[in-house]
Amino acid sequence: MPAAVPLSWYLVLSAVLFSLGVAGFFFRRNIITMFMSIELMLNAVNLSFVAFSFQLKQVSGNIFAFFVMVVAAAEAAVGLAIILTVFKNRATLNVDRIDSMKY
Amino acid sequence: MPGNSLPAAVELVRFLPETILVLLGTLIMVLEAVTGDRPKTFLGHLAAAGLGLAACAAVYAHSSPGEAFSGMLVVDGFTTFFRLLVYAVGILTVLSSCQFLTRERANTGEFYALVVFSVAGQSVMVASHELIMIFIGLEISSIATYVLAGFLRDDPRATESAVKYFLLGSFATAFVLYGIAWIYGATGSTELTAIRAAVDTQAGREGAMLAAVAAALMFVGLGFKVSGAPFQMWAPDVYQGAPSPVSAFLSAGPKAAAFAVFLRVFETAFGSIGPLWEPLFWISALLSMTIGNFAALVQGNVKRMLAYSSIAHAGYILVALTARSEVGTAAVMFYLAAYALMNVGAFALLGHLTRKGERFQKVEDLAGLGSAQPLAAALFSIFLLSLIGVPLTAGFFGKFYIFKAALDSGLVWLTVLGLLNSAVGAYYYLRVLVVMYMREASEEVPPVEALSGGLRAALLACSAGTLALGIFPGPVLDFVNRSATLIR
């Protein structure tokens with residue numbers, strides 16, 4: 001049996017995915033893409049949870065990942081509904097053009 | 001941990017308030033569906049009564065303090081104080097929003113159900129002693145408030161506010177969660193006392209650095225939730241765009257619960273690496289006070305001004321957190337109670353003063369209020385004076401205890417800068433008072449209607465509470481001093 005992939009590889013991958021999510025949130029202007037970036041961040045966290053759980057030989061980390069998935073699903077349901085109302089009101093999904101409240 | 005035992009009856013009692021709230025929210029949703037076209041104000045009254053019942057349950061649970069569900073939940077003075085605080089904010093919000101919603105033709109049961117669910121989430125947050133439970137509570141509270149911010153779904157300002165709150169709120173949540181993942185990896189636990197024990201034994205070694213990284217990530221996430229600088233940019237747009245009763249709720253309830261989590265996590269779990277995270281707090285405190293106050297100075301929109309002022313107030317509270325002492329914890333608790341009363345009052349009243357559709361939000365639109373509506377003007381004056389921190393109001397003692405705690409911990413220059421900031425803050429609140437009492441009303445602006453019903457009751461309760469905490473702070477102060485002892 002080949003040697004297991006070391007923990008640090010998973011953690012680095014998770015950190016890279018999380019950073020990609022942060023970068024996407026800051027540099028993309030479409031609300032849907034920004035929301036997808038947030039989902040990417042949450043999934044990066046899930047990867048960390050599962051990797052740590054395997055390393056610590058505990059089952060709890062796996063369960064946390066399920067909690068996070070449930071919460072992410074609830075957030076997606078509410079978030080997409082909100083994005084839909086914004087689109088109905090303004091017919092645009094570009095965050096730079098959703099700025100009616102400066103001063 | 002006993003293997004497969006069912007929770008004991010006393011543990012269920014300790015979880016009773018949250019159980020009541022969840023059932024209440026569900027009941028309101030069902031009643032909304034089966035009552036058809038009838039006016040829905042009675043659901044608001046039901047929500048207020050149910051929140052009152054939950055408050056009684058919280059007091060009852062306080063008579064048997066202790067842990068529940070293998071240490072996931074802790075009932076102590078701290079929990080009870082914050083539970084009662086968020087329930088009070090919930091009651092004041094539903095009472096003051098019935099007429100507002102009727103005026104805006106949006107008086108449906110969902111609003112009250114969402115407020116109740118959000119309060120249930122905050123209640124879980126303040127009672128939890130375990131990071132995943134805290135996360136679940138945070139999300140229950142947040143998801144409900146995202147919807148509330150955009151409740152007037154045909155108003156472009158409200159939906160803009162909701163989408164900004166949603167995007168930045170979920171972004172912040174991801175940071176909190178990443179912090180939790182790291183602390184779980186570093187210590188093998190998510191229970192706060194176990195984390196503390198693990199961090200203590202690792203102090204000075206590699207594990208402590210991991211804990212410090214986790215603390216920084218959680219600080220970013222929670223900093224967003226309390227609108228502390230440099231994570232405050234969402235607050236002005238969200239508070240300005242959301243319906244005023246919702247702004248009142250957002251600026252008091254979720255913020256108080258997030259500060260409770262701040263105290264629990266940083267004092268209990270990360271207490272022994274305090275010197276590592278202390279700089280984060282004073283930098284954020286200083287930035288929040290300065291940005292909040294100076295940005296509020298130039299606002300012509302009263303609602304936006306109050307939004308910036310709420311950032312400044314988050315800064316004052318962060319000063320007390322920087323003190324890292326029991327006096328500081330007590331000061332945070334007292335200030336949050338004072339702040340909840342005066343800020344909910346100010347925002348809820350503003351919802352009435354801005355008239356139908358919330359079209360008149362400028363400072364000048366309040367001209368002549370002193371002679372046209374003496375009661376409304378007097379109440380608004382009490383809230384604004386308390387926000388300044390004038391003696392005989394709750395805001396004065398709140399600031400006094402915060403700066404006293406900071407001085408006790410040797411933060412002399414932070415105290416001095418905080419006091420200078422309070423002086424700057426006085427200017428923009430007083431400007432509103434001057435316009436209300438010294439200027440004549442303009443012809444073009446429709447007159448403000450008289451206060452009545454639930455809104456008047458809620459505002460009178462807020463102002464009575466503000467004055468009571470300012471004149472007789474003793475009983476509340478005794479309670480916060482006794483319950484500021486967090487588990488260490």
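Chain naming here is simple, since letters A, B, ... match the order of the sequence lines and numbering starts at 1 in each.
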Structural part of A/Phe35 lying under 4.5 Å from a heavy atom of chain B
both
If I measure from the heavy atoms of chain A, does B/Phe166 come under 4.5 Å with its side chain, its backbone, both, or neither?
side chain
Looking at A/Ile83, A/Val68, A/Val70, A/Leu11, which has the largest count of heavy-atom pairs under 4.5 Å with chain B?
A/Val68
Min side-chain heavy-atom separation A/Phe64-B/Leu177 under 4.5 Å
no
Quick one: do B/Ile180 and A/Phe49 satisfy side chain to side chain contact (heavy atoms under 4.5 Å, CB included)? Show the steps, please.
CA-CA 9 Å; B/Ile180 295 176; A/Phe49 267 129; 3.9 Å; yes
Heavy-atom pair of closest approach, residues A/Arg90 and B/Pro156
NH2-O, 3.1 Å
Within this structure, what is the CD1-CD1 distance for the pair A/Ile82 and B/Ile143, rounded to the nearest 0.5 Å?
9.5 Å
Between the CZ atom in A/Phe67 and the CE atom in B/Met133, the distance rounded to the nearest 0.5 Å is 9.0 Å
Interchain contact, A/Ser37 with chain B, by part (heavy-atom threshold 4.5 Å)
neither
Do A/Phe26 and B/Phe171 have side chains that get closer than 4.5 Å, going by heavy atoms?
yes
Of the non-hydrogen atoms in B/Tyr178 and A/Ser48, which two are nearest, and what is the gap between them?
CE1-OG, 3.7 Å
Interface residue of largest heavy-atom contact number with chain B, from A/Ser53, A/Gly21, A/Ala44, under 4.5 Å
A/Ser53
Checking the side chain of A/Asn89 only, and the main-chain atoms of B/Arg157 only, is there a donor and an acceptor separated by less than 3.5 Å?
no
At a heavy-atom separation under 4.5 Å, does B/Phe135 approach chain A through its side chain, its backbone, both, or neither?
side chain
Consider side-chain contact (heavy atoms from CB on, under 4.5 Å). Of A/Val95, A/Val86, A/Leu93, which one does B/Val163 pass it with?
A/Val86
Check whether any side-chain N or O of B/Tyr184 sits under 3.5 Å from a backbone N or O of A/Gly61 as a donor-acceptor pair, and report yes or no.
yes
What distance separates B/Ser142 OG from A/Glu75 CD, expressed to the nearest 0.5 Å?
8.0 Å
For A/Ile98, is it the side chain, the backbone, both or neither that has a heavy atom under 4.5 Å from a heavy atom of chain B?
both
Expected output: side-chain A/Gln58 to main-chain B/Gly188 donor-acceptor under 3.5 Å
yes
Would you compute the distance between atom OG of A/Ser60 and atom CD of B/Glu130 and round it to the nearest 0.5 angstrom?
8.5 Å
Go through the atoms of B/Thr190 and report whether side chain, backbone, both or neither lie under 4.5 Å from a heavy atom of chain A.
side chain
Given a strict heavy-atom distance threshold of 4.5 Å, which part of A/Phe25 is in contact with chain B: side chain, backbone, both, or neither?
side chain
Check whether A/Val22 gets within reach of chain B through its side chain, its backbone, both or neither, counting any heavy atom under 4.5 Å.
both
Hey, what do you get for NZ (A/Lys88) to CG (B/Asp154), rounding to the nearest 0.5 Å?
8.5 Å
Hey, what do you get for CG (B/Leu168) to CE (A/Met34), rounding to the nearest 0.5 Å?
7.0 Å
Under 4.5 Å from a heavy atom of chain A, the part of B/Ile132 involved
side chain
Per-residue contact mode, A/Ala15 against chain B (heavy atom under 4.5 angstrom)
both
